[in-house]
Each structure stands twice: as structure tokens, then as C-alpha cells.
Amino acid sequence: MHPKLVIFDCDGVLVDTESIANARLAELITEAGLPMTMTECRKRFVGLSMRTVCERLLCEDGIDLGGDFVDRWNENLPELFDSGVQAVADVEIAIDTIRNAGIPMCVASSGRVEKMRLTLGLTGLLPHFENVLFSASMVERGKPFPDLFLHAASEMGHKPVDCVVIEDSPAGVQAGIRAGMKVFGYAGDPLTDAEGLGTSGAVIFDDMRQLPELLGLR
């Protein structure tokens, strides 16, 4: 049985932004007093909202990025992605197949709606998700809590058990599993924590052309 709703994460699943964003975030954290590489930053914080990143840095490392850091980060995103953002390889093939099967889709991301509109717009994917973008800023708790996925399912009019989540981070997988949804973990990027995806409960795949079959559409 194919799902009644497919919920995509954004960064790392639809758009290839993880390395660009984490390289910059690692620089800022290093400047604040905690030396960190892009790879370390990505492994530790992938899938989390910037608000959660700031909270963890303060509680776990004593690093205070400032009360206005989240706003400053988002204000600088257009410049950060100005050099170009690419869609994840072959994701449009998967999107077209799902759409042709008559299955609704949406995006549920830790990033703000403005960020999603920016990166999806730069890659040409925005028309597929124009009015179905859901952000962690809309709920009390972000990933790994289930709130965001439950909110997206409710807004789209579907029960959690009828939804499938496509994620690339352990935190996102945990959120989907806790929401009572089946989760597929995309591990096409060599830096993706594939082991963490599997441990968190996802069915792992590494090529977007495989997704339609996993969803029961072929």
C-alpha cells in the first residue's frame, strides 16, 4: 500500500545545502571560542533548528552565540547561498512520480519558511511545494520531537499512520518514528550519518530514483 502523504525534509533531501551551511556555521562557532570543522558541525547538528543549536551550544559547551543569532543567521542566508544551490540528484524524478500517482506532498523542515522558499526557489523546486511548507518555528518543539511532522500531517488532513517521511538526519528520523510514521532515510551524500539513520529506525536508500519503488509506486 502506498502512503496517502509524503513529507519531505528540505536540506539534504530536496536541496543540497548541508555542507555550505555547516561550513559557515562551523566558522562562526569557532570564532565564538569552540574550534569545530564542517564535518564535526554537520554530524552534531544536522537536522536541528538553529534555535536548538544555540541552546545546545550554551548548555553543553558554554558557548553563547547571542540572543539575536538566529535572526542574523537567517538574514545572511541569501548571501550564503548566492554562489549557487543544487537540487539533490534525481529528486525531481521522485517528485514527478509521486505527483503523477496522485499522492500529495509537503515539506517539514527545521529551517524557517523563508529559508525553504529561498533554497527551493534557487533550485526550481518551489512550484512543487508552494503552499505546503511547514517549519519548526510553527511548533513548540523541533526535531527530534514529533511535533513538526504531526503538525504537517494535521494541516494536510492525514493521519500519521498514513504518512511517510523522507529524512537525512537521525534527529529527523527519530521525529518521524515518534510521530508514528514510516521513515525512509536518504544517504546519498557521503557525509550523511547512514548508521545513525538506520539505528534511529529508518529504511535507508542512497538514490532518489529508488524512492518511488520504496513507496510502492512501481
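Keep in mind that this is a model prediction, so the values were computed, not measured. FYI, the numbering just counts along the sequence from 1.
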- [ ] State, with a plain yes or no, whether a side-chain heavy atom of I166 is found less than 4.5 Å away from one of V164.
- [x] yes
Task: Side chains of F45 and M36 in contact at under 4.5 Å (non-hydrogen atoms) - done: yes
- [ ] Answer yes or no: is there an ion pair linking D71 with R112, defined by an N-O contact shorter than 4.0 Å?
- [x] yes
Open item on the list: Show the nearest heavy-atom pair for residues E92 and H128, with the distance to one decimal.
Closed with: OE1-NE2, 3.8 Å
Open item on the list: Rounded to the nearest 0.5 Å, what separates atom CD1 in I93 from atom CG in L211?
Closed with: 11.5 Å
Task: Distance (rounded to the nearest 0.5 Å) between L133 CG and K115 NZ - done: 13.0 Å
Open item on the list: Could you report the tightest heavy-atom contact between I20 and D16, atom names first, then the distance?
Closed with: CD1-O, 4.4 Å
Open item on the list: Surrounding NE2 of H2 (heavy atoms of other residues, nucleotides or ligands, distance under 6.0 Å), is the total greater than 12?
Closed with: no
Task: Donor-acceptor contact present, side-chain D82 to main-chain P78, <3.5 Å - done: no
Open item on the list: Please check: side-chain N/O of S109 versus main-chain N/O of C10, any donor-acceptor pairing under 3.5 Å?
Closed with: no
Task: Minimum-distance pair of heavy atoms, taken over all atoms of R72 and L65 - done: NH2-O, 3.1 Å
TODO: May I ask you to check whether over 12 heavy atoms, not counting those of E60, lie within 6.0 Å of atom CD?
DONE: yes
Task: Polar contact flag, side-chain donor to acceptor under 3.5 angstrom, T39-T37 - done: no
Open item on the list: Quick test of your reading of the model: are R178 and D147 salt-bridged, counting only N-O distances below 4.0 Å?
Closed with: no
Open item on the list: Consider side chain to side chain contact (heavy atoms under 4.5 Å, CB included). Of L80, L77, V85, which one does T17 pass it with?
Closed with: V85
- [ ] Measure the CG-NZ distance between L150 and K159 for me, rounded to the nearest 0.5 Å.
- [x] 14.5 Å
Task: Interatomic spacing from CZ in F8 to CG in L125 - rounded to 0.5 Å - done: 9.5 Å
- [ ] May I ask you to test the K143-Q174 pair for a side-chain heavy-atom distance under 4.5 Å?
- [x] no
Open item on the list: Any side-chain to backbone donor/acceptor pair from T52 onto L48? Under 3.5 Å, distance only.
Closed with: no
Task: Under 3.5 Å donor-acceptor, T192 side chain and A194 backbone - done: no
TODO: Nearest 0.5 Å please: distance from the CG atom of N22 over to the CG atom of L191.
DONE: 9.5 Å
Task: S169 (side chain) donor-acceptor with G172 (main chain) under 3.5 angstrom - done: yes
Open item on the list: So does G111 get a backbone contact from the side chain of S135, meaning a donor-acceptor N/O pair under 3.5 Å?
Closed with: yes
Task: Closest approach of P35 to E40 (non-hydrogen atoms, all atoms of both residues) - done: O-OE1, 4.3 Å
Task: Heavy-atom donor-acceptor pair, D61 side chain to I63 backbone, under 3.5 Å - done: no
Task: Heavy atoms of other groups near E155 CD, more than 12 under 6.0 Å - done: yes
Task: R24 and E27 ion-paired at < 4.0 Å - done: yes
Task: Salt-bridge criterion met for D162 and K182 (N-O under 4.0 Å) - done: no
TODO: Could you pull out the closest heavy-atom pair between F134 and A152, with the gap in Å?
DONE: CD1-CB, 3.7 Å
Task: Any donor-acceptor N/O pair, S110 side chain to G47 backbone, under 3.5 Å - done: yes
Open item on the list: With heavy-atom distances below 4.5 Å as the criterion, would you say the side chains of D207 and D90 are in contact?
Closed with: yes
TODO: Measure up the F205 and F184 rings against each other and bin them: parallel (under 30°), tilted (30 to 60°), perpendicular (over 60°).
DONE: perpendicular
Open item on the list: I'd like to know whether CD of E130 has more than 12 heavy-atom contacts from other residues, nucleotides or ligands below 6.0 angstrom.
Closed with: yes
Task: For the student: nearest non-hydrogen atoms of D168 and D11, plus distance - done: OD1-O, 3.3 Å
Open item on the list: With heavy-atom distances below 4.5 Å as the criterion, would you say the side chains of E18 and V46 are in contact?
Closed with: yes
TODO: May I ask you to say whether D193 pairs ionically with R42, meaning some side-chain N is under 4.0 Å from a carboxylate O?
DONE: no
Open item on the list: Just checking R209: does its CZ atom have more than 12 heavy atoms from other residues, nucleotides or ligands closer to it than 6.0 angstrom?
Closed with: no
TODO: Drop me the distance from C41's SG to L28's CG, to the nearest 0.5 angstrom.
DONE: 9.0 Å
